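I have placed the structure first, in the form of structure tokens, so that the comments after it can refer back to it.
Heavy-atom basis, side chains included; hydrogens, waters and symmetry copies ignored. Just so we're clear, the structure is a prediction, and the values are computed from it rather than from any experiment.
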Amino acid sequence: MKFLTAIEVLLGIGAVYSKNAKKKKADIGILPRKNSPSIRRLDPQCPPGVDAIECIDGVTPDGISCEEACGGKCCTPAGSCSRRPLPLSNPGFTGTVCADDYSCMGHLSCSGAKIKLVSNSCYGKLACEYVENRNDGNAGPMVDSCNGYKACQYMAYGSAADVVGMLGSCNGYKACYYAAAMGSIGGSIGYLENSCNAKKACYKMAYFDGTIHSMLDSCNSPAACESAAMNHGYIGPVESSCACGQGGGGGGGDGGGDGGGIS
């Protein structure tokens, strides 16, 4: 147990994996070929015996708050799935959250987010807060993903952004924090599986105009792929790659540049 704790601290994940190990697994639906250039999973559902709470702007179709409908098993503490008041106004959470004692749990964790399904995901302060915030559609399902402080906070924040889905990805302190965030035409994130699991992994991936087609078993160490394709770059498909930090191209530092990225 001491060894496991040390590794978790190093990766910035906290107790995510040890807690997840005991969770019921979601039904993630039809599986494509593993080497498909556009990896995705279809029609996921909450695990058997776990209630699915449907939310529209933080309220269920029955007119009660998602927080109340969760009964302490999701959307906690208060404000995690509800509208955020002025001056920093957010809409409430729109999508389906599993009442699994884990999802959308943390200060403002799912406030402002639009996600088709949240299962064992979005656990941590500000995790998933603005996912798909400016898009007309919802992000695809998130299963075992985006767990950690500010993990996925601004993922696909741009007006034309899209997220197909995520499985076992973006777990750690600020993992996928700005992934495909604010492009002039939005960054289209395809499918992420078992990727970006570490402190600041994929932190600014495809930050401005980038397109991430798919990632599999990649960028799983602290700061791996941190600034990949930071301004105008394109990433994808990536498989079993970028095992150690600061992957990608994109123009050097927070000031950015015109560089492209992983392809």
Side-chain angles (χ1 to χ4, degrees), residues 16 20 23-47 50 52-55 74 93-98 100 102-104 109-110 112-123 127-148 151-158 160-172 175-181 186-197 201-202 205-206 210-220 225 235-239:
V16 169
N20 283 358
K23 291 291 180 184
K24 295 179 180 179
K25 296 298 181 181
D27 180 356
I28 53 179
I30 300 170
L31 303 181
R33 291 180 57 188
K34 186 174 181 180
N35 60 353
S36 168
S38 182
I39 306 170
R40 65 176 64 197
R41 315 239 162 174
L42 304 177
D43 300 325
Q45 300 174 6
C46 293
V50 174
I53 309 300
E54 182 182 354
C55 302
C74 54
F93 171 70
T94 294
T96 298
V97 57
C98 298
D100 52 14
Y102 205 79
S103 294
C104 294
S109 54
C110 290
K114 298 179 181 178
I115 306 171
K116 182 177 181 180
L117 178 85
V118 181
S119 177
N120 208 35
S121 299
C122 302
Y123 181 92
C128 303
E129 182 187 12
Y130 290 109
V131 172
E132 291 279 355
N133 183 268
R134 293 185 176 181
N135 194 1
D136 291 335
N138 292 352
M142 290 186 176
V143 179
D144 301 332
S145 298
C146 299
N147 296 308
C152 306
Q153 184 181 15
Y154 289 100
M155 175 172 277
Y157 183 68
D162 185 37
V163 181
V164 171
M166 300 174 65
L167 175 64
S169 296
C170 301
N171 294 302
C176 304
Y177 177 54
Y178 274 130
S188 180
I189 300 173
Y191 190 84
L192 304 185
E193 182 173 348
N194 299 328
S195 297
C196 307
N197 292 309
C202 306
M205 190 165 58
T211 297
I212 305 166
H213 285 317
S214 64
M215 296 185 71
L216 176 64
D217 300 329
S218 297
C219 303
N220 289 314
C225 308
I235 299 175
V238 180
E239 182 173 350

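Formation of a donor-acceptor pair under 3.5 Å by the S103 side chain with backbone atoms of S121 is found in this model. Looking at N120, its side chain never comes within 3.5 Å of a backbone N or O of D100 through a donor-acceptor pair.
A heavy-atom distance below 4.5 Å is not found between the side chains of Y191 and L216. In this structure, I115 and C122 have side chains that are in contact, with non-hydrogen atoms separated by less than 4.5 Å. Using a 4.5 Å heavy-atom cutoff, the side chains of L192 and S145 are not in contact. Between L117 and C46, some side-chain heavy-atom pair lies under the 4.5 Å cut-off.
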(message) Assess the residue pair C74 and C104 against the criterion (disulfide (SG to SG under 2.5 Å)); give the C-alpha distance rounded to whole Å, side-chain angles, the decisive distance to 0.1 Å, and a yes or no.
(response) CA-CA 6 Å; C74 54; C104 294; over 6 Å; no
(request) Please report the C-alpha distance between C170 and C202 in whole Å, then the side-chain angles of each, then the deciding distance to 0.1 Å, and finally whether the disulfide (SG to SG under 2.5 Å) criterion is met. (result) CA-CA 8 Å; C170 301; C202 306; 5.9 Å; no
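Here the CD atom belonging to E129 is positioned 5.0 Å from the CD atom belonging to Q153, to the nearest 0.5 angstrom. Between the NZ atom in K114 and the OH atom in Y130 there is a gap of 14.0 Å [rounded to 0.5 Å]. Taking CD of E193 as the start and CE of M215 as the end, the distance is 12.0 Å to the nearest 0.5 Å.
In terms of heavy atoms, N220 sits closest to C196 at OD1-N, 3.1 Å. Considering every non-hydrogen atom in both M142 and V131, the closest pair reads CE-CG1, 3.8 Å. Across every non-hydrogen atom of E239 and S218, the tightest pair is C-OG, 3.4 Å.
Considering D144, D217, N171 in turn, D217 is the only one that fulfils the side chain to side chain contact (heavy atoms under 4.5 Å, CB included) rule with N194.
The aromatic rings of Y123 and Y102 lie parallel to each other, their planes meeting at an angle below 30°, with 60° marking the opposite boundary.
A distance below 2.5 Å between sulfur gamma atoms is not met by C152 and C128.
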